[in-house]
There are 2 protein chains.
Amino acid sequence: MVNRCIGIDPELPHARQTRTLHRMSTPAAITLLAWDRLLGAGARALRIARAELRRAGLPPLEWYDILAALERRGASRPRDLQRVVGIEQYNLSRLLTRMEAAGLVDMTHCPEDGRGQIVALTEAGAAQRAAMWPAYAGAIHGAIETRLGPDERIQLAGMLDKVAPTPAQ
Amino acid sequence: MVNRCIGIDPELPHARQTRTLHRMSTPAAITLLAWDRLLGAGARALRIARAELRRAGLPPLEWYDILAALERRGASRPRDLQRVVGIEQYNLSRLLTRMEAAGLVDMTHCPEDGRGQIVALTEAGAAQRAAMWPAYAGAIHGAIETRLGPDERIQLAGMLDKVAPTPAQ
DNA sequence: GCGGGGTCGATGCACCTGCATCAAGCGCGT
DNA sequence: ACGCGCTTGATGCAGGTGCATCGACCCCGC
């Protein structure tokens with residue numbers, strides 16, 4: 001899972017107690033606060049989403065991303081999927097093995113590249129993705145929509161993209 | 001580790017292609033974008049920080065948080081640490097076992113509560129935390145300071161706190 | 001046509017994590 | 001004093017993850 005991280009600057013042992021951001025906060029303290037909350041918020045949100053899926057007896061979160069990516073992009077090669085969903089190569093490899101065993105995807109040899117595979121969504125895979133959506137959407141809704149106004153969402157997305165740019169589809 | 005997540009709304013299969021946020025983006029698409037980037041940015045940042053520590057031959061990231069929390073709060077009980085660093089109970093328990101074996105913390109029985117433990121930082125622990133700081137700080141700096149202006153950092157921290165409020169110290 | 005460097009995907013191994021559960025201890029009401 | 005429900009922290013087990021590495025293959029220059 002993911003973990004929550006708290007940094008303290010040796011020079012500023014109580015940096016994090018700055019709950020309200022008044023203008024005397026030093027830049028370093030604010031950086032740490034932002035870092036801390038970035039990881040903290042992400043971890044929390046993830047935890048909730050995972051719990052939601054699990055309670056509904058659905059597959060893990062990562063499967064959704066892969067299924068969704070396949071639905072959007074059509075059959076793809078693992079190395080492309082990897083970039084899109086941001087999963088490590090060895091990890092994606094095993095994930096796909098499991099998903100194939102579960103009948104959600106179909107793997108065939110790539111005709112143009114003897115090393116490659118081609119991953120295709122099966123009907124069961126598409127159905128599974130659809131089945132996962134309500135639970136997943138619930139978690140997303142709870143994390144974002146009930147807490148941020150429309151403008152804030154745009155700002156948040158914009159700033160996060162600067163922090164770690166989304167790779168091209 | 002942590003994973004990057006992409007949501008697609010069945011009604012909006014190409015939601016994520018909205019790279020620039022123009023005003024025709026539907027609210028749902030923006031929510032997904034924000035969610036996606038929240039997890040993506042967090043995961044990326046984490047990955048970089050972990051790699052930085054590992055390359056320097058230092059202990060894992062979580063250790064830093066625990067060491068830092070102990071330094072800030074003084075000797076604490078696990079159940080309190082748990083809330084502060086946001087680690088699951090069973091996980092913290094094992095983490096502390098390893099850290100004690102490494103000589104970074106000291107565990108003693110809590111006199112007021114027969115069930116409890118008291119975790120204290122050793123000198124080696126404080127030294128280790130200090131040794132980890134430069135590598136960790138480098139990652140934080142690279143993720144936040146080189147990418148966001150001072151105002152943006154404040155905004156980001158504020159919005160993230162709404163998404164998943166930081167628990168009290 | 002051949003060799004070398006690079007890419008693709010799989011896998012052995014050690015470790016970490018999540019879940020369920022447990023034993024021990026607290027504290028309250030009676 | 002006793003019992004009951006709750007909290008604290010540990011742990012067995014199954015499964016996921018990270019790392020290093022491997023074999024197969026592509027492509028380019030010669």
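So that the names make sense, note that chain A is the first sequence line, chain B the second, and so on, each numbered from 1.
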Enquirer: Under 4.0 Å between a side-chain N/O of A:R50 and OP1 or OP2 of C:dG18, yes or no?
Expert: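 For C:dG18, OP1/OP2 do not have a side-chain N/O of A:R50 under 4.0 Å.
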Enquirer: Could you tell me how far apart A:L53 (CG) and D:dG16 (C1') are, to the nearest whole angstrom?
Expert: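 Distance, rounded to whole Å: 16 Å.
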Enquirer: Among D:dT7, D:dT17, C:dC8, find the nucleotide with the atom closest to the side chain of A:R98.
Expert: D:dT17
Enquirer: Hey, which sits more toward the 5' end of DNA chain C by its nearest nucleotide, B:L95 or A:L92?
Expert: A:L92
Enquirer: Treating B:S76 as the side-chain partner and B:G74 as the backbone partner, does any N or O pair qualify as donor plus acceptor under 3.5 Å?
Expert: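 Yes.
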Enquirer: By nearest atom, which of the nucleotides C:dC26, D:dG9, C:dG18 is closest to the B:E88 side chain?
Expert: C:dG18
Enquirer: Not counting sequence neighbours, which residues clear salt bridge (Lys or Arg N to Asp or Glu O under 4.0 Å) with A:R77? List them please.
Expert: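 For A:R77, the residues satisfying salt bridge (Lys or Arg N to Asp or Glu O under 4.0 Å) (neighbours in sequence not counted) are A:D113.
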Enquirer: Calculate the interatomic distance between A:I118 atom CD1 and C:dC8 atom P; express it in whole Å.
Expert: 14 Å
Enquirer: Phosphate oxygens OP1/OP2 of C:dA10: is one of them under 4.0 Å from a side-chain N or O of A:S93?
Expert: yes
Enquirer: Roughly how many Å is it from CD1 in B:I87 to C1' in C:dC19, rounded to a whole number?
Expert: 17 Å
Enquirer: Start at the 5' end of DNA chain D and walk down; is the nucleotide closest to A:E112 or to A:P60 reached first?
Expert: A:P60
Enquirer: Under 4.0 Å between any heavy atoms, over every strand shown, what does A:R94 touch: base, sugar-phosphate, or nothing? Just pick one.
Expert: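 If one applies the 4.0 Å heavy-atom cut-off, A:R94 turns out to touch a base.
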Enquirer: Rounded to whole angstroms, how far apart are OH on B:Y90 and C1' on C:dA20?
Expert: 10 Å
Enquirer: On DNA chain C, nearest-nucleotide positions of A:M107 versus A:R54: which is more 5'?
Expert: A:M107
Enquirer: Please state how far atom CD in B:Q117 lies from atom P in D:dT8, giving the value in whole angstrom units.
Expert: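 Between P of D:dT8 and CD of B:Q117: 13 Å.
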Enquirer: Return yes if the base of C:dT7 and the side-chain atoms of A:R115 contain a donor-acceptor N/O pair under 3.5 Å, otherwise no.
Expert: yes
Enquirer: Among the clusters formed by ILVMFWY side chains lying less than 4.5 Å apart, do B:L70 and B:I118 turn up in the same one?
Expert: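 No; B:I118 is not reachable from B:L70 via cluster members.
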Enquirer: Report the distance from atom CZ of A:R79 to atom C1' of D:dA24, rounded to the nearest whole Å.
Expert: 15 Å
Enquirer: Is B:L67 reachable from B:M107 through a run of hydrophobic residues whose side-chain heavy atoms are each under 4.5 Å from the next?
Expert: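 They do share one cluster, since a chain of ILVMFWY contacts under 4.5 Å joins B:M107 to B:L67.
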Enquirer: Where the side chain of B:R50 meets the backbone of B:P60, is there a donor-acceptor pair that is under 3.5 Å apart?
Expert: no
Enquirer: By the 4.0 Å heavy-atom rule, please label A:Q89 as base, sugar-phosphate, or nothing.
Expert: base
Enquirer: Could you check how far CD1 of B:I66 sits from P of C:dC16, rounded to whole Å?
Expert: 13 Å
Enquirer: Report the distance from atom CG of B:N91 to atom P of D:dG15, rounded to the nearest whole Å.
Expert: 19 Å
